[in-house]
Amino acid sequence: MTGEDVPPTGRFVEREHRFPLRVYFEDTDLSGVVYHANYLRYMERARSDMLRVGGIDQRAAHEAGEGAYAIADLAIRYRAPARLDDALLIVSHVVAVKAASVVIHQTVRRDAHVLADARVVAALVGPDGRPRRQPRAWTEIYQKLLWQGAPE
């Protein structure tokens with residue numbers, strides 16, 4: 001089975017990307033609560049999946065020397081704990097598109113409860129580590145996904 005044969009985990013519902021996951025023992029601390037840094041991992045997986053499902057091939061861009069995304073800014077708020085065996089849903093929205101970056105709002109949910117939410121700025125950087133314009137095709141994809149429901 002090749003990477004192309006593996007279906008994406010998440011899916012779009014209109015402009016909202018939904019990425020389900022389960023909390024495993026390795027995600028938790030001694031009390032059975034998800035360790036705070038793992039929320040960032042969950043969100044990273046969801047963002048990567050959102051780009052892949054949306055038609056952005058980060059790997060090909062990186063291998064072609066066009067650059068890769070780096071997190072330029074991140075603000076996260078923890079509201080309630082996730083626990084061992086919880087079924088979570090990471091919901092992602094593109095809220096702003098700039099020349100070299102994209103702003104994504106993400107929430108980690110258990111049923112109707114928001115456990116954490118974050119505002120993430122991902123900037124495209126070239127092999128030299130300096131910001132560079134995103135490919136036009138990518139900004140066009142982001143424009144189609146732009147969510148009008150939240151402020152930047």
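Heavy atoms only: backbone and side chains are in, while hydrogens, waters and symmetry mates are out. Sequential numbering from 1 along the given sequence is applied to the chain's residues.
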Do you reckon V114 sits in the same ILVMFWY cluster as V23, going by side-chain contacts under 4.5 Å, direct or chained? no
Less than 4.0 Å between a side-chain N and a carboxylate O, is that true for D27 and R22? no
Any donor-acceptor N or O pair under 3.5 Å, side chains Q134, T139: no
Are D57 and E63 packed together at the side-chain level, in the sense that at least one heavy-atom pair is separated by less than 4.5 angstrom? no
Is it the case that the ring center of W138 lies less than 6.0 angstrom away from the ring center of Y69? yes
Which atoms form the tightest heavy-atom contact between D49 and G10, and what is the distance? OD2-N, 2.9 Å
CZ (R52) and CZ (R47) are apart, to the nearest 0.5 Å, by 13.0 Å
For residues V102 and V94, determine if any side-chain heavy atom of one lies less than 4.5 Å from a side-chain heavy atom of the other. yes
Just wondering, do P20 and T9 contact through their side chains at under 4.5 Å, heavy atoms? yes
Using modelled atom types only, decide if a donor and an acceptor are shared between the side chain of S101 and the backbone of K98 within a distance under 3.5 Å. no
Without placing hydrogens or testing angles, list every side-chain donor-acceptor pair under 3.5 Å for residues 122-130, not counting sequence neighbours.
| unit_1 | atom_1 | unit_2 | atom_2 | d |
| --- | --- | --- | --- | --- |
| D128 | OD1 | R130 | N | 3.0 |

Same cluster (ILVMFWY, side-chain, under 4.5 Å), F12 and V91: no
Side-chain heavy atoms of Y78 within contact of H36, under 4.5 Å: yes
K144/E140 ion pair, N-O < 4.0 Å: no
Pairwise side-chain contact, F19 with R45, heavy-atom cut-off 4.5 Å (strictly under): yes
Can you give me the closest heavy-atom contact between A99 and R133, atom names plus distance? CB-NH1, 3.2 Å
Is it true that I56 and L146 fall in one hydrophobic cluster, defined by side-chain heavy atoms closer than 4.5 Å? yes
In terms of hydrophobic clusters joined by side-chain contacts under 4.5 Å, are I71 and Y42 together? yes
Inspect the contact between R110 and D86 and indicate whether a charged nitrogen and a carboxylate oxygen are less than 4.0 angstrom apart. yes
CZ of R59: more than 12 outside heavy atoms within 6.0 angstrom? no
Is any side-chain heavy atom of R119 closer than 4.5 Å to one of D73? yes
Decide side chain to side chain contact (heavy atoms under 4.5 Å, CB included) for L115 and R79; before the verdict, give the C-alpha distance in whole Å, the side-chain angles of both, and the deciding distance to 0.1 Å. CA-CA 5 Å; L115 306 181; R79 298 172 181 265; 5.8 Å; no
State whether the side chain of R132 and the backbone N or O of E66 hold a donor-acceptor pair below 3.5 Å, judged by distance alone. yes
Verify same cluster id: M50, I141 (apolar side-chain graph, 4.5 Å): yes
State whether the side chain of Y142 and the backbone N or O of A96 hold a donor-acceptor pair below 3.5 Å, judged by distance alone. no
If you apply the rule side chain to side chain contact (heavy atoms under 4.5 Å, CB included), what do you find for I90 with L21, and how did you get there? CA-CA 8 Å; I90 296 32; L21 61 84; 3.9 Å; yes
E14 atom CD, over 12 foreign heavy atoms within 6.0 Å: no
Answer with yes or no whether the side chains of E44 and S48 bring together a donor and an acceptor at under 3.5 Å. yes
Considering residues at least two apart in sequence or located in another chain, which fulfil the side chain to side chain donor-acceptor pair (under 3.5 Å) criterion with D85? none
Could you point out which residue of L74, V95, L40 forms a side chain to side chain contact (heavy atoms under 4.5 Å, CB included) with V120? L74
State, yes or no, whether a side-chain contact exists between H93 and L145 at a heavy-atom distance under 4.5 Å. no
Any donor-acceptor N/O pair, R18 side chain to R11 backbone, under 3.5 Å: no
As an exercise, state the distance from OH of Y39 to CZ of R77, rounded to the nearest 0.5 Å. 13.5 Å
Heavy-atom closest pair (M43 atom, Q106 atom, distance to 0.1 Å) is O-NE2, 3.0 Å
For the side chain to side chain contact (heavy atoms under 4.5 Å, CB included) test, which of L89, L88, I76 pairs with V108? L88
